[in-house]
Amino acid sequence: MARIVKWISLKQPEKQRVLGLETEAEYRARWISIRVLYFTGFVMFLAFGIVATGVWPYLKSLDPSTNKVFLAYIFAIPPVGQIIFSPFFGWWTNKLSSVRVPLILLVGVFIVGNVLYAVTEEFQDHRRYILLLARGLVGVGTSAVTICRAYISSATRVSERTKTISYMALAQSIGLMIGPTFQSVFSGVGEDGFRVFGWLRINMYSASGWICVILGLFNMFLLLPFIFKDSPIAVKEAMKSQGADNAKATWKSMQLRYFAIVVTIAAFSLLMFVYVAFQALLSPIALDQFGWNNEESLFYLGILMTVGALISCILFLLLDPMCKRFSESNVLVYGAMFALFVSQVVLIPFGKEPITSFLNVSNSTNNITTSIGCPPTQEWCQWIPPIGKVQFTISYTLLCISFSIGTTLSQAVFSKLLGPRPQGTWMALLTCAGSFARILGPGSVTLYVIFGTYWTFGAGSVLTGLVFLWMWIYRHSLDPVKPAVQPDLAEELKVLNSTKLRQ
């Protein structure tokens, strides 16, 4: 309870006040601004989660002739928008003294995209392409996440950064987690919905767009100057510790370690790739391997994903205390990359029992015939044993653990390796790497359908095992170099610590 009160009160700790980097008012303004960006991250990821279950039926209602190939384009276009526009906005952010203007511009694009998503059915022709454009604009708007990462790197001291990035990841995960819940609630509105002003129809699909518009407008309000204020404390901390009198001197004193930077980008990309790939494989595995029908698959996978999301949220909160006990590089290598490797090995099937044959099952209640089991087009089902439910559950749990720890710490380590220099362009590079991984990840379904589970998870085990081994060998290079502390500041810290001990 005391920690919650402290989090809400935003009272500056005594040990930070003694350092003289900021006043209590500046400390409060800095953390209010950081929490505005927590909300921004929540809204941006809510926009992904809220359409996850509704976009396919919405697309079918707009254009009955469309197919699942076009649905793949709908899901792929947001990360493509990030890849194209994140580098520009990251570079532009480095040139500005405040991130407010690019943030407001991107939130504005986000709002326009969601308005277009909500009113697509008001158009008479080319509806599916208008929906594609709408999701593309939303993807461009979510490039704001790049700026959020860059700002957190500049607005936090080194000791605060891991916790702050963890909370940012928690806000994003909550957005993804409750997004489908919003869509479920809006299902009560129905497909017909109701009319506003006699011409604008709101139904269970368009309501998802309108809620994102409302949250986007509130987000834009929070970015106004009397609430959001830029606080480049990372540069102040580096300048004081090094005795430098300008920011550029601190940047030049800390050389970039490109090898370690590449390692962290590779870790972040691999985690994103495997997580997205497994999410795409959840339903095919459940339907093929376990003999479940569609209803059972939705029910049990819904429970599994909810538990996984709760595990992720708990880990985000525990990550900062964990990294105070163990080094961040060790937690990243063992807690994330090794767990990721094991999650793939666990999924390699073993045993002699065959996979459930493809069957057509009739429901006597409503006379509907459904197909369960592995389809005959997947010839490998005749000789590869099935994945066990326990295997499946253990693998997904390990994947959630590795993803939660890995994506957070790879961002934190990446930021600390860059030092106090402006990080807009670098964070855009990290965003682009993650976006490429999100685009390529669903391709694992094709590998699964053609070659089966041995090849799919065998290849996954080899890939994750090699990256884990690579990171384990060079794990010490991931520790950021601490700049030499100015003698005066070191003396201040000794006085502060001795005073604290006497108390």
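Each residue takes its place number in the sequence, starting with 1. Quick caveat: nothing in here was measured; it's all calculated off a predicted structure.
A side-chain N or O of Asp288 and one of Tyr448 form a donor-acceptor pair less than 3.5 Å apart.
Partners of Ser343 under the side-chain hydrogen bond (donor to acceptor under 3.5 Å, both in side chains) rule, at least two apart in sequence or in another chain, do not exist in this structure. Listed by chain and number, the residues in a side-chain hydrogen bond (donor to acceptor under 3.5 Å, both in side chains) with Gln82 are Thr142, Ser435, Arg438 (sequence neighbours excluded). Listed by chain and number, the residues in a side-chain hydrogen bond (donor to acceptor under 3.5 Å, both in side chains) with Asn219 are Thr40 (sequence neighbours excluded).
Applying the salt bridge (charged side-chain N to carboxylate O under 4.0 Å, His left out) test to every pair with at least one member in residues 325-339, sequence neighbours left out, gives these pairs: Glu328-Lys416. Sequence neighbours left out, the pairs with a member in residues 132-165 that pass ring pair (Phe, Tyr, Trp, His ring centres under 6.0 Å) are Tyr151-Phe228.
Summarising the geometry of Ala47 relative to Cys212, their closest heavy-atom pair is CA-SG, 4.0 Å, with the distance given to 0.1 Å.
Rounding to the nearest 0.5 Å places OH of Tyr258 at 12.5 Å from CG of Leu417.
Residue Phe259 places its CZ atom among more than 12 non-hydrogen atoms of other residues, nucleotides or ligands, all under 6.0 Å distant. The local environment of CZ in Phe48 is crowded, with over 12 non-hydrogen atoms from other residues, nucleotides or ligands closer than 6.0 Å. Within a 6.0 Å radius of CZ in Phe436, other residues, nucleotides and ligands contribute 12 heavy atoms or fewer.
The only member of Tyr275, Phe273, Phe268 that meets ring pair (Phe, Tyr, Trp, His ring centres under 6.0 Å) when paired with Phe403 is Tyr275.
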Can you give each donor-acceptor pair under 3.5 Å made by side-chain atoms of residues 467-474, sequence neighbours left out, with the distance rounded to 0.1 Å?
unit_1 : atom_1 : unit_2 : atom_2 : d
Trp472 : NE1    : Tyr334 : OH     : 2.8

